[in-house]
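Chain naming here is simple, since letters A, B, ... match the order of the sequence lines and numbering starts at 1 in each.
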2 protein chains.
Amino acid sequence: MKLSEAKQQFISSWGAFGTHWGINRTMAQIHALLLVSVDPITQDDIMEQLTISRGNVNMNIRDLIGWGLVERVIITGERKEYFTAEKDIWKVATKIIKERKKRELDPMIKLLTQLENVEGDKKDKDIKQFTEVIGGIKKLGGQADKMLDIMVKAEENWFTANILKMWK
Amino acid sequence: MKLSEAKQQFISSWGAFGTHWGINRTMAQIHALLLVSVDPITQDDIMEQLTISRGNVNMNIRDLIGWGLVERVIITGERKEYFTAEKDIWKVATKIIKERKKRELDPMIKLLTQLENVEGDKKDKDIKQFTEVIGGIKKLGGQADKMLDIMVKAEENWFTANILKMWK
DNA sequence: CTGAATTTTCAAAATAAATTGAAAGTAAAA
DNA sequence: TTTTACTTTCAATTTATTTTGAAAATTCAG
């Protein structure tokens with residue numbers, strides 16, 4: 001397979017993959033394009049390569065910057081803005097995990113904590129099962145939290161890799 | 001907060017939470033309703049509680065059964081079908097993880113493996129970066145795989161919990 | 001078998017999400 | 001300051017997803 005073909009394939013698949021995880025197709029594709037672009041590129045480059053509108057590119061790029069996955073690059077002498085993506089996949093994963101945890105997991109756990117304090121007799125069958133389910137989810141969330149923390153804190157890949165190998 | 005209110009709140013939030021993860025709101029809500037229902041319930045119960053159509057309930061219930069999160073229950077003497085959800089959250093998570101891994105992660109890793117075999121000089125800057133990015137994602141996928149395997153294989157919650165505590 | 005109860009299907013309708021493109025906004029250059 | 005190159009915004013449109021509901025299929029009791 002040729003490089004250009006492989007890049008195309010990657011961009012398209014990464015986009016499809018993203019949709020399964022609540023990320024919009026175009027944002028994932030722009031991210032993929034930036035990942036496989038050696039040098040920083042402009043909004044016009046993205047428009048052309050993915051055949052999408054200027055507004056679309058602009059909005060999604062801003063989102064990607066918000067996620068900390070892409071940054072603006074100033075090229076001296078050039079008027080246009082250039083963009084580049086973090087290429088270290090470990091860092092990429094770390095950022096996504098941190099951000100999703102903050103945006104989704106933390107608020108959910110906060111809510112569950114409130115829901116646990118339901119009125120009534122704790123011995124009641126209905127109440128008991130409810131608090132058990134809620135408590136279970138909270139506990140699971142806590143576990144996930146710990147795992148993610150480990151991943152995030154483990155600066156060195158080998159560290160986690162080796163821990164994991166022990167129990168494989 | 002009253003139990004009924006808390007249940008309502010949980011169902012609605014669980015639905016919203018689901019949408020961030022590529023799960024449709026109604027399916028997540030049906031799942032939530034089943035999680036907080038002590039006894040098995042019918043399609044009509046679900047229709048009524050969530051005020052959604054029969055067809056909608058039927059399709060989403062089938063999907064949930066496909067994920068192994070819900071099962072049909074035959075109540076002797078009753079003509080209608082009843083449904084119930086797995087209440088052990090650890091098992092629920094395990095099933096979701098296994099299934100998503102099979103449906104999404106495995107195919108992606110397979111594709112990346114193909115893309116690594118790109119034609120041309122491995123010393124070329126463009127090719128080098130491409131294979132590095134692809135290789136990085138594959139490696140990350142492999143790590144995730146291992147982690148998920150550990151979670152899935154760890155029948156006893158405390159086992160993983162304790163491993164994790166060591167590095168917290 | 002017959003027919004009532006129940007489940008399933010799926011085309012059409014409703015809703016939600018993504019995309020466009022042109023106008024408004026900004027900032028550097030002249 | 002004015003012009004010009006570029007970026008941002010957002011109402012309108014397009015596209016994708018979800019939901020409905022009635023018809024078809026299935027199941028089971030009599």
Side-chain angles (χ1 to χ4, degrees), chain A residues 11-34 40-67 69-84 103-104, chain B residues 11-34 40-67 70-85 103-104:
Chain A
I11 289 166
S12 133
S13 306
W14 199 243
F17 192 64
T19 59
H20 289 299
W21 294 89
I23 292 139
N24 107 349
R25 178 181 259 82
T26 304
M27 199 192 306
Q29 287 187 345
I30 293 175
H31 186 221
L33 173 58
L34 286 165
I41 60 179
T42 65
Q43 291 201 0
D44 292 81
D45 294 331
I46 299 170
M47 284 170 66
E48 195 191 331
Q49 299 253 349
L50 305 179
T51 53
I52 55 179
S53 74
R54 182 175 305 284
N56 199 359
V57 171
N58 192 273
M59 284 172 141
N60 284 116
I61 277 277
R62 264 191 310 117
D63 260 351
L64 284 165
I65 292 174
W67 280 84
L69 301 176
V70 167
E71 57 183 33
R72 274 173 232 278
V73 175
I74 305 296
I75 296 202
T76 47
E78 287 278 357
R79 185 79 174 269
K80 281 184 179 167
E81 289 180 333
Y82 284 73
F83 299 93
T84 190
R103 294 187 193 186
E104 295 147 26
Chain B
I11 290 166
S12 133
S13 306
W14 200 242
F17 192 64
T19 58
H20 289 298
W21 294 89
I23 291 138
N24 106 351
R25 178 179 260 83
T26 305
M27 199 193 306
Q29 287 187 346
I30 293 175
H31 185 221
L33 173 60
L34 286 164
I41 60 180
T42 66
Q43 292 202 358
D44 292 82
D45 294 330
I46 299 170
M47 284 171 66
E48 196 190 330
Q49 300 252 350
L50 305 180
T51 52
I52 55 180
S53 73
R54 181 175 305 285
N56 199 0
V57 171
N58 192 273
M59 285 171 141
N60 284 116
I61 277 279
R62 264 191 310 117
D63 260 352
L64 284 166
I65 292 173
W67 280 85
V70 167
E71 58 182 32
R72 275 173 232 277
V73 175
I74 305 297
I75 297 203
T76 46
E78 289 277 356
R79 182 76 173 272
K80 280 183 180 168
E81 289 180 333
Y82 284 73
F83 299 93
T84 191
R103 294 187 193 186
E104 295 146 28

To the closest 0.5 Å, what do you measure between [atom1] ([X]) and [atom2] ([Y])?
{"X": "N24(B)", "Y": "D63(B)", "atom1": "CG", "atom2": "CG", "value": "8.0 Å"}
{"X": "R25(A)", "Y": "I11(A)", "atom1": "CZ", "atom2": "CD1", "value": "13.5 Å"}
{"X": "K80(B)", "Y": "D45(B)", "atom1": "NZ", "atom2": "CG", "value": "7.0 Å"}
{"X": "L64(A)", "Y": "L69(A)", "atom1": "CG", "atom2": "CG", "value": "6.0 Å"}
{"X": "I52(B)", "Y": "N60(B)", "atom1": "CD1", "atom2": "CG", "value": "6.5 Å"}
{"X": "T84(A)", "Y": "I75(A)", "atom1": "OG1", "atom2": "CD1", "value": "9.5 Å"}

Point to revise | Stepwise side chain to side chain contact (heavy atoms under 4.5 Å, CB included) test for L50(A) and N56(A) | key: CA-CA 11 Å; L50(A) 305 179; N56(A) 199 359; over 6 Å; no
Rounded to the Å, how far apart are [X] [atom1] and [N] [atom2]?
{"X": "Y82(A)", "N": "dT7(D)", "atom1": "OH", "atom2": "C1'", "result": "15 Å"}
{"X": "I46(A)", "N": "dC6(D)", "atom1": "CD1", "atom2": "P", "result": "15 Å"}
{"X": "M47(A)", "N": "dT7(D)", "atom1": "CE", "atom2": "C1'", "result": "12 Å"}
{"X": "E78(B)", "N": "dT7(C)", "atom1": "CD", "atom2": "C1'", "result": "16 Å"}
{"X": "Q43(B)", "N": "dA5(C)", "atom1": "CD", "atom2": "P", "result": "17 Å"}
{"X": "I61(A)", "N": "dT9(D)", "atom1": "CD1", "atom2": "C1'", "result": "16 Å"}
{"X": "E81(B)", "N": "dT8(C)", "atom1": "CD", "atom2": "C1'", "result": "10 Å"}

Point to revise | Minimal non-hydrogen separation, G15(A) against A28(A), with atom names | key: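 Taking every non-hydrogen atom into account, CA-CB, 3.7 Å.
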Study note, to complete from the structure: In B/S/- notation (B base, S sugar-phosphate only, - none; protein heavy atoms under 4.0 Å), nucleotides 24-30 of chain C written 5' to 3' is ---BB--
Point to revise | Distance below 4.0 Å between N58(B) side-chain N/O and dT8(C) OP1 or OP2 | key: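 It does, given that an N or O in the side chain of N58(B) lies less than 4.0 Å from OP1 or OP2 of dT8(C).
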**Study point:** DNA chain C: stems of at least 3 consecutive Watson-Crick or G-U pairs whose donor-acceptor distances fall under 3.5 Å
**Key:**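 DNA chain C stems, ordered by first number: C:1-30 with D:1-30.
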Check your understanding: Is H31(A) close to W67(A) at the side-chain level, that is, under 4.5 Å between some pair of heavy atoms?
Key ->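 W67(A) vs H31(A): side chains apart.
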Measure all distances between protein nitrogen or oxygen atoms and nitrogen or oxygen atoms of nucleotides 17-21 of chain D, and list the pairs falling under 3.5 Å.
residue: dT19(D); atom: OP1; partner: T26(B); partner atom: OG1; Å: 2.5
residue: dT19(D); atom: OP2; partner: N24(B); partner atom: ND2; Å: 3.4
residue: dT19(D); atom: OP2; partner: T26(B); partner atom: OG1; Å: 2.9
residue: dT19(D); atom: O5'; partner: N56(B); partner atom: ND2; Å: 3.3
residue: dT20(D); atom: OP2; partner: S53(B); partner atom: N; Å: 2.6
residue: dT20(D); atom: OP2; partner: S53(B); partner atom: OG; Å: 3.0
residue: dT20(D); atom: OP2; partner: N56(B); partner atom: ND2; Å: 3.2

Exercise for review: Under the side chain to side chain contact (heavy atoms under 4.5 Å, CB included) rule, what do V70(A) and I30(A) come out as? Steps first, then yes or no, please.
Suggested key: CA-CA 10 Å; V70(A) 167; I30(A) 293 175; over 6 Å; no
Review point. Given the rule in the side chain to side chain contact (heavy atoms under 4.5 Å, CB included) test, do F83(B) and E71(B) qualify, once you have shown the distances and angles that lead to the verdict?
Key: CA-CA 6 Å; F83(B) 299 93; E71(B) 58 182 32; over 6 Å; no
